[in-house]
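The structure appears right after this line, and notes come after that.
We count residues from 1, following the sequence as given. Predicted model only: the values in this text are computed from it and were never measured.
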Amino acid sequence: MPGLATTETNATSISASPVVSFDICETYTSFLKNQELSPPLAAILALSKLIETSDAGTMLELVKALNDGAGALKASTSNPISLNAGCELFIAFVTLLPHDSACFSDLKLELVRQGQKYAAEALTYRDKIASLALGFIKDDSVILTHSYSRVVMKTLLRAHERKRISVYVTEARPRGLGLRTYEELTAAGIPCTVVLDSAVSYVMDKVDFVLVGSEAVVESGGLINAVGSNQIAIIAQAANIPFYALAESYKFHRLFPLSQYDLPTHTANILSFPLSSGNTPPTTGAIKPVHERSSNVDYVRQMMPEQIACNPGVDYTRPDLITLVFSDVGSLTPEGVSQYVVGMFAG
């Protein structure tokens, strides 16, 4: 695993005295408070901290502790996909690469240093991707993006420094993160318009290409991203519009979904029908009794939290719908991504 210069001023060292209590989930959450750290990097740093506090005396014990820690992290969130990519990458580094430390305590110290070094280096990956993608953005480009992505924002802001661009961004319900993208792009002086999720096909003929971020890029070369990405890709392909994904290599995930229902986030509750009963179904929050309504006001119906909970947060986009994946390791076809991911975990 290429190296994360420590995110702290001084590199930490392995404590000589054992730590009585270590909460990996709390540690992971504390790393996420740094807005520059994405879940995979926070997971790598949390696992590095676990090694620092571990009293494991053999590689077998250490790997078990790391797997247990990764399991605890995955169990702590409803969407473990992105953080699991980081866990897999770090544990593969620990187990697959040769180590020549004289004693096991020195080995643990070196693993901590390498984890921190990698995370620090990985913070530069968005800049690399932005520079790479810039060559594909022509002057006066009209771009469609989806939801909010830090690497996409970095790329759009970099393009704005040198070229004239305009951006359509989807609202991205239910979280509405597209509005955050709109606010930041508008503040930077980039012409931007918010598009209803249901109006993607309406606007597609006006754009030059689609640019999205990623939760993960999987072994097939497919993409896991904010829900709605898949339908945007389908519409883009039908309109012969390029669909580009931006993904840091630490989001490459050894996962091979064949459909939406193979994703780790899918549960029996997703898009399930309610159990039949004689009870009146819950109404949406904006509907008021007739006597409280004004005749000249149109009330907007909104989904209730329990209805939103029955919907997916991410979806899977097949590799044949993706034109290119821009990463810190280069611009790759989905087939190229597949080959790279296999090589990452081959030792």
Hydrogens and angles aside, do E335 and Q339 bring a side-chain donor and acceptor to less than 3.5 Å of each other? no

Residues two or more places apart in sequence or in another chain: which of them pass side chain to side chain donor-acceptor pair (under 3.5 Å) with [X]?
X: D139; answer: R164
X: T77; answer: none
X: D208; answer: none
X: S147; answer: none

With sequence neighbours left out, write down each residue that passes side-chain contact (heavy atoms from CB on, under 4.5 Å) with [X], or none if nothing qualifies.
X: S198; answer: L196
X: S249; answer: Y118, Y125, F252, S327, D328, V329
X: C310; answer: N269
X: Q237; answer: D320, L321

For residues 172-218, the ring-ring contact (aromatic ring centres under 6.0 Å, His included) pairs (sequence neighbours left out) are F209-Y244

Residue set satisfying salt bridge (Lys or Arg N to Asp or Glu O under 4.0 Å) with E184, at least two apart, ordered chain then number -> R180

Here the side chain to side chain donor-acceptor pair (under 3.5 Å) pairs for residues 252-265, sequence neighbours left out, are N84-H253, E88-H253

Under 3.5 Å, which donor-acceptor pairs do the side chains of residues 153-161 form with other protein atoms, sequence neighbours left out?
{"unit_1": "T155", "atom_1": "OG1", "unit_2": "V151", "atom_2": "O", "d": "2.9"}
{"unit_1": "R158", "atom_1": "NH1", "unit_2": "S131", "atom_2": "OG", "d": "2.8"}
{"unit_1": "R158", "atom_1": "NH2", "unit_2": "D127", "atom_2": "OD1", "d": "2.8"}
{"unit_1": "H160", "atom_1": "NE2", "unit_2": "A188", "atom_2": "O", "d": "3.1"}

